[in-house]
Every structure is written in structure tokens, then in C-alpha cells.
Amino acid sequence: QVQLVESGGGLVQAGGSLRLSCAASGSGSTLSINAMGWYRQAPAKQREFLAMIGSGGSTNYADSVKGRFTISRENAKNTIYLQMDSLKPEDTAVYSCNAKVGLRTIYWGQGTQVTVSS
């Protein structure tokens with residue numbers, strides 16, 4: 001079992017920045033996590049992929065956030081971050097992280113609200 005907890009959301013004006021965190025924990029070792037990522041979901045919209053980072057440090061971004069968002073990983077590999085710059089009102093959503101364990105199992109956090117005012 002892996003638990004994921006997001007933090008860092010809040011209210012920010014357009015053009016501002018936020019840094020989200022996602023901490024992974026469990027009763028056992030979290031070394032089995034081989035990839036983690038960030039997603040968001042706005043009301044009445046599908047969940048949208050934003051960024052992922054693999055165990056080797058490789059990253060992948062959605063076109064919609066390239067150049068504005070940066071995913072990173074703590075050296076201990078139990079926490080990832082999403083640095084969000086140049087935020088726009090359209091970025092308003094619940095932001096969630098996930099973690100892939102083994103070949104198929106994916107765990108999700110509860111999400112953190114990000115609201116960008118115009």
C-alpha cells in the first residue's frame with residue numbers, strides 16, 4: 001500500500017507561481033515506485049495529464065504546460081514537486097499526483113485545489 005498526499009495548492013493571481021508537493025509513504029519500502037506524475041481535473045472535464053518523472057529522472061510534459069511547469073523529484077525519491085509558473089485562470093483545477101508500482105498498480109492522492117484568479 002502506498003499513500004500519496006498532495007500539498008501546496010491555493011489561490012494565486014494570474015501570472016503568479018505555486019509549488020505543489022506530493023509525498024509518498026507506506027508501511028513498507030517505497031522503492032517499488034518506478035514513476036510518479038501530476039494530473040489535474042477541472043469541473044465537468046476529464047482528468048488531464050500534466051507531467052511525469054521516471055525512476056531514472058526522465059521527464060515528460062503535456063504540451064499545454066511545457067515551458068511553464070516543471071516536475072522534479074527529491075533525492076530520497078519519496079516526494080515529487082510541480083513548480084508552476086505563469087499561471088493562468090484556465091489552470092484552475094484539482095491537482096493530483098499518482099505513483100506507478102510494478103507493472104500495473106497505480107495509486108492516487110486526494111488532490112489539492114489550485115485556483116487562479118484573473
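There is no side-chain donor-acceptor pair under 3.5 Å between Gln13 and Ser118. For the residue pair Arg40/Tyr95, the side-chain donor-acceptor check at 3.5 Å is satisfied. Side-chain N/O atoms of Ser17 and Asp85 include a donor and acceptor closer than 3.5 Å.
Judged purely by atom type and a 3.5 angstrom limit, Ser96 has no side-chain atom pairing as donor or acceptor with the backbone of Tyr39. The backbone N or O of Ile71 sits less than 3.5 Å from a side-chain atom of Tyr61, completing a donor-acceptor pair. Judged by distance alone, with hydrogens and angles left aside, the side-chain atoms of Arg47 form no donor-acceptor pair with the main-chain N or O of Gln41 at under 3.5 Å.
The nearest pair of heavy atoms linking Val114 to Gly9 is CG2-CA, 4.1 Å. Taking both residues in full, the closest heavy atoms of Val101 and Asn34 are given as C-ND2, 4.3 Å, listed atom of the first, atom of the second, then distance. Nearest heavy-atom pair across Gln113 and Ala93 is NE2-O, 3.4 Å. Taking every heavy atom of both residues into account, Lys66 and Asp63 meet most closely at NZ-OD1, 3.3 Å. The two atoms that bring Cys97 and Glu6 nearest to each other are N-OE2, 2.8 Å, heavy atoms only. Taking each heavy atom of Arg73 and Gly57 in turn, the nearest pair found is NH1-N, 3.3 Å.
Within 6.0 Å of the CD atom in Gln83, the count of heavy atoms belonging to other residues, nucleotides or ligands exceeds 12.
Placement of Ile53 and Ile106 in two distinct hydrophobic clusters is found when ILVMFWY residues are connected by side-chain heavy-atom separations under 4.5 Å, directly or transitively. Under the 4.5 Å side-chain heavy-atom criterion for ILVMFWY residues, no single connected hydrophobic cluster contains both Met52 and Ile33. Under the 4.5 Å side-chain heavy-atom criterion for ILVMFWY residues, a single connected hydrophobic cluster contains both Val65 and Val12.
Side-chain contact between Val94 and Thr112 is absent, with no heavy atoms from C-beta onward closer than 4.5 Å.
The pair Lys88-Asp91 does not meet the salt-bridge criterion, since no charged nitrogen lies less than 4.0 angstrom from a carboxylate oxygen.
Considering CG of Leu4 and CH2 of Trp108, their distance stands at 9.5 Å, rounded to 0.5 Å.
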Tyr81 and Cys22: CA distance, side-chain angles, deciding distance, side chain to side chain contact (heavy atoms under 4.5 Å, CB included) verdict: CA-CA 6 Å; Tyr81 305 92; Cys22 174; over 6 Å; no

